[in-house]
2 protein chains.
Amino acid sequence: MNTVAARPRIKDVARYAGVSPKTVSNVINDFEHVSEQTRAAVREAIDALGYRVNIAGRQLRQGRTGMITLAVPELDVAYFSELAKHVMAEADRRGRTVLIHQTEGVRERELAALHGFDTQFSDGVILSPLSLLPRDLTTRDQRLPVVLLGERPAEGGTDHVGIDNVRAAREATEHLLSRGRRRIAVIGGAVRGRQGTDRLRTDGYRQALEVAGLPFAPGLVVPVEAYHWQDGARAASALLEKEPHPDALLCLNDHLALGALRTLYERGRSVPGDLDVVGFDDIEASRFSVPSLTTVAPDKPDIAKAAVSLLLERIDEPDAGSLQDHVAGHRLIVRESSGG
Amino acid sequence: MNTVAARPRIKDVARYAGVSPKTVSNVINDFEHVSEQTRAAVREAIDALGYRVNIAGRQLRQGRTGMITLAVPELDVAYFSELAKHVMAEADRRGRTVLIHQTEGVRERELAALHGFDTQFSDGVILSPLSLLPRDLTTRDQRLPVVLLGERPAEGGTDHVGIDNVRAAREATEHLLSRGRRRIAVIGGAVRGRQGTDRLRTDGYRQALEVAGLPFAPGLVVPVEAYHWQDGARAASALLEKEPHPDALLCLNDHLALGALRTLYERGRSVPGDLDVVGFDDIEASRFSVPSLTTVAPDKPDIAKAAVSLLLERIDEPDAGSLQDHVAGHRLIVRESSGG
DNA sequence: CATGGCGATTACATCGATGTAAATACGTCG
DNA sequence: CGACGTATTTACATCGATGTAATCGCCATG
């Protein structure tokens with residue numbers, strides 16, 4: 001019962017169908033000059049033997065695997081797992097398989113993805129970086145097609161897909177201002193440093209304040225270690241320690257916002273009575289939290305679609321066309337946490 | 001600028017170091033009979049050229065890749081993304097790389113994982129099945145080592161890792177009973193059919209009722225389509241339509257529970273005032289929800305560790321030892337939603 | 001000094017699939 | 001009926017790494 005026939009090879013199929021291995025290969029790859037009759041015979045042999053192409057052999061020969069890699073910092077950040085779902089769906093539609101890779105936001109692992117070390121089986125990489133440095137992109141091995149998501153360590157070098165972070169943050173802030181909020185804190189924000197997502201969103205926030213003629217208070221910008229619930233909870237606690245209290249929290253992702261909501265609940269602050277809370281990403285949890293969360297919803301299907309398209313284009317024509325920067329749409333979804 | 005040197009091959013390294021390709025291979029694979037001198041020269045050549053082994057070539061020759069696949073239904077179900085994190089960490093510790101695969105709970109895709117179709121690069125698979133049938137396991141290709149998580153379509157056939165679902169559900173139910181709850185509904189439950197996780201947990205629930213001398217009311221068991229927030233919300237709504245209302249909800253995962261919490265909030269029911277709510281999985285969201293969620297916490301690190309260990313054993317010795325069934329620990333974490 | 005023995009190194013074949021180029025089959029036309 | 005062109009099919013080499021078995025070099029021993 002333990003002795004199973006070995007997986008059939010292309011030559012087993014050939015023998016069974018009474019043709020040469022190359023003819024089997026031709027059938028598999030839809031080469032047009034194969035008679036209907038042989039094609040049928042080969043198909044039958046394939047079915048009969050349960051033959052599947054050995055991808056290692058194929059890759060060795062033609063250097064393609066039909067697989068692409070999606071490398072994200074953390075899968076338990078819902079934005080990334082939701083995005084992964086869309087990317088897989090889109091890739092499926094295009095006849096590709098997606099391998100998912102977790103970098104934990106560690107530069108070394110992002111570099112590994114960028115260089116295809118752990119991902120040699122992949123024809124290209126969609127990478128959502130956190131710690132990559134500008135020079136990592138310019139010194140990278142240009143042979144592996146790469147599309148960056150979200151963060152962009154430097155201008156040029158790779159195709160890029162993301163939303164207009166500055167505008168999104170400005171709009172979210174304007175929403176809070178229009179509700180009469182004046183002391184808006186930014187959880188997860190960054191005032192200086194790289195033009196990362198945090199910095200761009202903080203810039204958008206500042207623009208909105210400026211337009212409204214309000215002063216910018218650096219004390220209201222609270223950096224965080226990671227974009228998780230507990231960091232949001234902690235940041236909210238810290239903000240409530242100091243006087244005067246903020247009257248709104250602009251949280252740079254939904255996990256931070258949901259963590260903050262919990263802290264406010266524990267401290268007896270009413271949302272949206274005492275404070276408004278806004279997040280980014282529109283993860284599923286935000287529709288069901290109590291109160292439900294106002295959030296900036298990036299167009300995830302569009303992001304996934306653009307990323308896969310750009311990557312496949314690069315794979316098919318490595319040095320064609322100029323670098324693309326696809327700006328995906330976003331919209332503010334107003335829910336209970338800001339009076340919706 | 002676009003002309004980059006091709007990725008170096010083993011023979012390029014050989015030429016650079018002035019030795020044969022096989023000697024380079026020997027160095028890479030830590031073959032012991034290589035002089036210190038040659039070894040150093042080869043190492044230097046490898047560094048100088050930035051050589052990395054081509055895994056396709058290696059796999060073709062030795063049939064191993066050093067990669068394992070984790071196939072789960074949906075990454076945006078937090079339990080699975082959290083588990084994925086632990087599996088990756090453990091695999092990393094053991095010097096393996098994990099490829100993640102999403103089956104969407106579709107039998108066809110689970111079969112694909114089981115047969116290594118999309119996962120040929122992988123030495124083995126850790127699969128969390130939903131729709132697999134018993135015969136799928138017995139008729140599967142025995143050459144790909146497989147460890148099943150959670151559901152177990154049939155006795156035997158593969159190694160298995162999971163918690164004691166019956167006992168866990170019984171304990172959770174006992175907890176509710178001890179708080180005086182008498183009309184406990186089961187969201188996501190199943191009274192008959194395969195011995196899936198849902199069925200086992202429902203059985204545990206029934207056992208607890210029986211021990212307490214309470215009647216079993218089939219109307220309190222509400223099946224769901226999927227284990228997502230919205231299904232929990234919908235099921236809770238349905239339960240509130242009918243009289244008499246339940247006084248507790250045993251939800252078979254945390255997403256269902258959190259969705260139900262939202263519905264109860266919308267309908268003005270107080271938790272744990274009017275009803276208690278309990279979930280399964282202890283995802284991060286449950287610590288921060290309002291109210292925080294009582295839940296059965298499976299020992300995820302233990303599950304991940306056992307799964308990886310069993311799989312690596314099977315890979316190293318395909319037909320050694322009998323089939324293992326590792327029962328991982330669990331504990332009930334009582335939080336606000338049941339008076340904690 | 002010839003021989004044996006052992007460690008270090010290498011030549012060659014091979015894993016599976018497919019590109020190239022050559023061979024074969026088939027049909028058409030003079 | 002034979003030559004030629006086109007449609008199919010095939011033989012062979014190749015992708016990169018490594019197992020096998022053979023060879024080489026060196027030292028100890030008789």
Side-chain angles (χ1 to χ4, degrees), chain A residues 5-43 45-46 49-67 116-117 119-123 141 143-144, chain B residues 5-43 45-46 49-67 116-117 119-123 141 143-144:
Chain A
R7 179 183 279 243
R9 310 304 173 190
I10 206 169
K11 73 173 152 187
D12 301 317
V13 177
R15 196 176 311 127
Y16 188 102
V19 297
S20 77
K22 176 64 195 183
T23 297
V24 176
S25 169
N26 284 339
V27 171
I28 295 170
N29 294 285
D30 286 325
F31 179 61
E32 58 180 336
H33 297 302
V34 177
S35 72
E36 238 359 281
Q37 196 179 343
T38 344
R39 195 181 296 274
V42 170
R43 289 249 164 78
I46 289 177
L49 300 179
Y51 170 77
R52 306 290 313 198
V53 179
N54 176 317
I55 306 185
R58 169 179 284 177
Q59 184 190 18
L60 198 54
R61 187 64 244 224
Q62 50 181 25
R64 289 282 179 85
T65 61
M67 306 195 180
F117 288 177
T119 48
Q120 283 188 39
F121 288 126
S122 168
D123 297 336
D141 179 343
R143 272 162 281 123
L144 182 71
Chain B
R7 179 182 279 242
R9 310 305 172 188
I10 206 169
K11 71 172 151 185
D12 301 317
V13 177
R15 196 176 311 126
Y16 187 103
V19 298
S20 76
K22 176 66 197 186
T23 296
V24 175
S25 169
N26 285 339
V27 171
I28 294 169
N29 294 287
D30 286 323
F31 180 60
E32 56 180 337
H33 298 303
V34 177
S35 71
E36 236 2 279
Q37 197 180 343
T38 347
R39 194 181 296 274
V42 170
R43 291 249 164 80
I46 289 177
L49 301 179
Y51 170 78
R52 306 287 314 197
V53 179
N54 176 318
I55 307 184
R58 169 180 284 178
Q59 184 190 15
L60 197 53
R61 187 64 244 227
Q62 51 180 25
R64 288 280 181 86
T65 62
M67 307 195 179
F117 288 177
T119 47
Q120 284 187 36
F121 290 125
S122 173
D123 298 336
D141 179 342
R143 272 161 281 123
L144 182 72

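Below, chains carry the letters A, B, ... as their sequence lines are ordered, and counting in each starts from 1. Just so you know, these numbers come straight off a predicted model, no measurement behind them.
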Undergrad: Measuring to OP1 and OP2 of D:dT10, would you say a side-chain N or O of A:T23 lies under 4.0 angstrom away?
TA: yes
Undergrad: So which atom in A:N54 and which in A:R9 form the shortest heavy-atom distance, rounded to 0.1 Å?
TA: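 Smallest heavy-atom distance, with atoms named: ND2-NH1, 4.1 Å.
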Undergrad: Rounded to the Å, how far apart are B:I55 CD1 and D:dG16 C1'?
TA: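 For the pair B:I55 CD1 and D:dG16 C1', the rounded distance is 12 Å.
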Undergrad: Taking C-beta and beyond as the side chain, do B:I28 and B:I10 meet within less than 4.5 Å on heavy atoms?
TA: yes
Undergrad: Can you say whether a donor on the side chain of B:K22 sits under 3.5 Å from an acceptor on the base of D:dG19, or the other way round?
TA: yes
Undergrad: Please give me the minimum heavy-atom distance between A:A14 and A:S20, naming the atom from each residue.
TA: CB-C, 3.6 Å
Undergrad: Answer yes or no: does a side-chain N or O of B:R9 lie under 4.0 Å from OP1 or OP2 of D:dA17?
TA: no
Undergrad: To the nearest 10°, give me the bend of the helix from C:dC1-D:dG30 to C:dG30-D:dC1, comparing the axes of its five terminal pairs at either end.
TA: 70°
Undergrad: Could you state the CZ-P distance from A:R15 to C:dG16, rounded to the nearest angstrom?
TA: 12 Å
Undergrad: Grab the CD1-P distance between A:I28 and C:dT18 for me, whole Å please.
TA: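 Whole-Å distance recorded here is 6 Å.
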Undergrad: Would you mind reading off the distance between A:E36 atom CD and D:dT9 atom C1', rounded to a whole angstrom?
TA: 16 Å
Undergrad: Give me the atom names and distance for the closest heavy-atom approach of A:R64 to A:R58.
TA: O-CG, 4.1 Å
Undergrad: Between A:H33 and D:dT8, is there a side-chain N or O to OP1/OP2 distance below 4.0 Å?
TA: yes
Undergrad: Locate the shortest heavy-atom distance separating A:V13 from A:V42; write the atom from each residue and the value.
TA: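 Here A:V13 and A:V42 meet closest at CG1-O, 4.3 Å.
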Undergrad: Of the options C:dG19, D:dT9, C:dG7, whose atoms approach the side-chain atoms of A:T38 most closely?
TA: D:dT9
Undergrad: When all nucleic acid strands are considered with a 4.0 Å heavy-atom cut-off, which category describes A:F31: base, sugar-phosphate, or nothing?
TA: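 The residue A:F31 makes base contact.
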Undergrad: Can you tell me how far P of C:dA17 sits from CZ of A:R64, to the nearest Å?
TA: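 My rounded result for the distance is 19 Å.
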Undergrad: Distance check needed: C:dA17 P versus A:I46 CD1, whole Å only.
TA: 10 Å
Undergrad: Which heavy atom of A:Y16 sits nearest to which heavy atom of A:A45, and what is that distance?
TA: CD2-CB, 3.4 Å
Undergrad: How would you label the contact of A:V24 with the nucleic acid (heavy atoms, under 4.0 Å): base, sugar-phosphate, or nothing?
TA: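 Result for A:V24 = nothing.
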Undergrad: Identify which nucleotide among C:dT10, C:dA17, D:dA11 has an atom closest to any side-chain atom of A:I10, counting heavy atoms from C-beta outward.
TA: C:dA17
Undergrad: Please report the shortest heavy-atom distance between A:F31 and A:R39, naming the atom on each side.
TA: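 Taking every non-hydrogen atom into account, O-NH2, 3.1 Å.
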Undergrad: Please report, rounded to the nearest Å, how far the C1' atom of D:dT18 is from the CD atom of B:Q59.
TA: 14 Å
Undergrad: At under 4.0 Å, does any side-chain N or O of A:Q62 touch on OP1 or OP2 of C:dG19?
TA: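 Checking C:dG19 against A:Q62, a side-chain N or O does come within under 4.0 Å of OP1 or OP2.
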Undergrad: Rounded to whole Å, please give me the gap between CZ in B:R58 and C1' in D:dG19.
TA: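 One finds 14 Å between C1' of D:dG19 and CZ of B:R58, rounded.
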Undergrad: Measuring from the side chain of A:L60 (C-beta onward, heavy atoms only), which nucleotide among D:dC15, D:dT18, C:dA8 has the closest atom?
TA: D:dC15
Undergrad: Nearest to the side chain of A:R61, which nucleotide is it out of D:dA17, C:dG19, D:dT20?
TA: C:dG19
Undergrad: Which residue, B:S35 or A:P8, contacts DNA chain C at a nucleotide closer to its 5' end, judged by nearest heavy atom?
TA: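 That would be B:S35.
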Undergrad: Less than 4.0 angstrom between a side-chain N/O of B:N29 and OP1 or OP2 of D:dT18, yes or no?
TA: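 True: B:N29 side-chain N/O within range (under 4.0 Å) of D:dT18 OP1/OP2.
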Undergrad: Any carboxylate oxygen within less than 4.0 angstrom of a Lys/Arg side-chain nitrogen, looking at A:D12 and A:R15?
TA: yes
